[in-house]
Number of protein chains: 2
Amino acid sequence: MTSATSRPDTAAAQAPADPPVEARRPGRPRDPQADAAILQATVEVLCEHGFGAFTVDAVAAHAGVGKATIYRRWPSREALVLDAAATLVPQPDVPDTGSVRDDLIALMSGSFEDAASANKQQLMAAVTAEAVVNPEMKRLLRDYTQRRRDGSAVVVRRAIERGELPADTDPDFLLDLIAGPLFYRVQISGRPIGDEVVADVVDVVLRGLAH
Amino acid sequence: MTSATSRPDTAAAQAPADPPVEARRPGRPRDPQADAAILQATVEVLCEHGFGAFTVDAVAAHAGVGKATIYRRWPSREALVLDAAATLVPQPDVPDTGSVRDDLIALMSGSFEDAASANKQQLMAAVTAEAVVNPEMKRLLRDYTQRRRDGSAVVVRRAIERGELPADTDPDFLLDLIAGPLFYRVQISGRPIGDEVVADVVDVVLRGLAH
DNA sequence: GAGTATCGAAACTCAACCGTTTCAGAAGTG
DNA sequence: CACTTCTGAAACGGTTGAGTTTCGATACTC
């Protein structure tokens, strides 16, 4: 299953390696800006109304595009949503500042600084809820968290080597302890997240885990 | 707005205090079991398919009940969902064990021990997502979290008086630090929550907050 | 120029679902 | 008994939205 995430129509048929110039087929070429506009409109609509009230017509209106233009690129509403969600997944690179504290703050700031906006908050909640029902969405969410988990593992390993953390520190548990409060604050408490909050959480957890 | 959460039909009109015997009106009385069956079916359907695929027909089928029976009790699908969600909100009483550690463990166990079941997890995610869009649902969620917040405040105050926590401990921050990881674990990591996990989180946070 | 594939807009088909109504019975009142 | 209100089942009306098709126009290749 190559999944709905790929857009097979765009691929240049199965012609064997032609000159890299794309403009082969006759007819009006696809508007390259439309793809981006549709994806962005999808995100906007998703943010504003959640999954429940999400409609393809709304996306078309938002993007200033005909529905046919959307369905020529994505086979279904479902595929469109998945693709749009995928574009939102940031690629957190693992920081290496020399101290656990700064590493963790950097790791978390990248994940939550923009998540504090009302729109992203809405979207995160919607995706989380959808993931329980929709296996594809679950996979997407798992991939994302796995990447952050990997980052945490690297940071913790380096910290142990520097002697900043006990040798038996569980990176997954550490991630729960730090990402949890931030996530909870955004989702449930509904309070904003500033840099000082991230730092406070990291400080408490690191102090609690020491020794 | 007395809100959709009350079911006005059941209330005995506006007759001034009659003998408490209910059986006044002629005609077949309402099946008292139907109410519970409908609410439970609502929860089941909500758990299985989330808000998106939730239909009144499905509830009727699940409860073995006609749709008319549902609509005679609740004015709309929306009101039914809210009432069903309200029945799920536990009433956490504030523990007083004599130690912060045990108080916090008790407070959290009551909130998360059954939340670990796949069904409750699904429902919690769905309600969280819906709350961002639906004001009534947001109010319900806020009430629930506020109650837990109040509990946290009491526990923290007593702990400060006993000298177990610094005098400037912020109860809301403490709640974020403890409930957050548990919530995150259920929602995102998808890993189960046992008593030992709750205790571990509490221990780390208390140690981190001391001094 | 002829031919082809795209564009936005609008109309269409079809299915799902909300909420209402109808119906034949059942369970209470007097 | 007559009368009233509830029951589950089924059908109905109305709306909404997914996905398709049609349309005149546009942009490209040959």
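All of these numbers come straight from a predicted model, not from anything done at the bench.
Per the geometry, CD1 belonging to B:I38 stands 13 Å off P belonging to D:dC6, to the nearest Å. Atom CD1 of A:I70 is separated from atom C1' of C:dT6 by 15 Å (rounded to the nearest Å). In this structure, CZ of A:R28 is placed 9 Å from C1' of D:dC28, rounded to the nearest angstrom. Rounded to whole Å, the distance from CG on B:L80 to P on C:dC18 is 10 Å.
Contact annotation: A:R72 side-chain N/O to C:dC7 OP1/OP2 distance is under 4.0 Å. Contact annotation: A:R30 side-chain N/O to C:dT6 OP1/OP2 distance is under 4.0 Å.
Comparing A:K67 and B:D31 by the nucleotide of DNA chain D that holds the closest heavy atom to each, the one mapping nearer the 5' end is B:D31. For the pair A:A68 and A:P29, both in contact range of DNA chain C, the more 5′-proximal nearest nucleotide belongs to A:P29.
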Report task. Go through the steps for A:D172 and B:R191 under the test side chain to side chain contact (heavy atoms under 4.5 Å, CB included), then give the verdict. Result -> CA-CA 11 Å; A:D172 287 347; B:R191 283 178 298 168; 3.7 Å; yes

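Each of A:M137, A:R142, A:E136 was evaluated against A:L140; a single residue qualifies, A:M137, per the side chain to side chain contact (heavy atoms under 4.5 Å, CB included) test.
For A:F51, there are no ring-ring contact (aromatic ring centres under 6.0 Å, His included) partners at least two apart in sequence or on another chain. A:T87 pairs by the side chain to side chain donor-acceptor pair (under 3.5 Å) definition with nothing, not counting sequence neighbours.
Comparing C:dC7, C:dT20, D:dT21 against the side chain of B:Y71 picks out C:dT20 as the nearest. For A:P26, the listed nucleotide lying nearest its side chain is C:dT4; candidates were C:dT6, C:dA26, C:dT4.
In terms of modelled atom types and a separation under 3.5 Å, the side chain of A:R30 and the main chain of A:D35 share no donor-acceptor contact.
For residues 52-63 of chain A, proximity to DNA chain D is found at A:F54, A:T55, A:V56, A:D57, defined as any non-hydrogen atom under 4.0 angstrom from a strand atom.
The pair A:D143-A:R139 meets the salt-bridge criterion, with a side-chain N (NZ, NE, NH1 or NH2) lying under 4.0 Å from an Asp/Glu carboxylate O.
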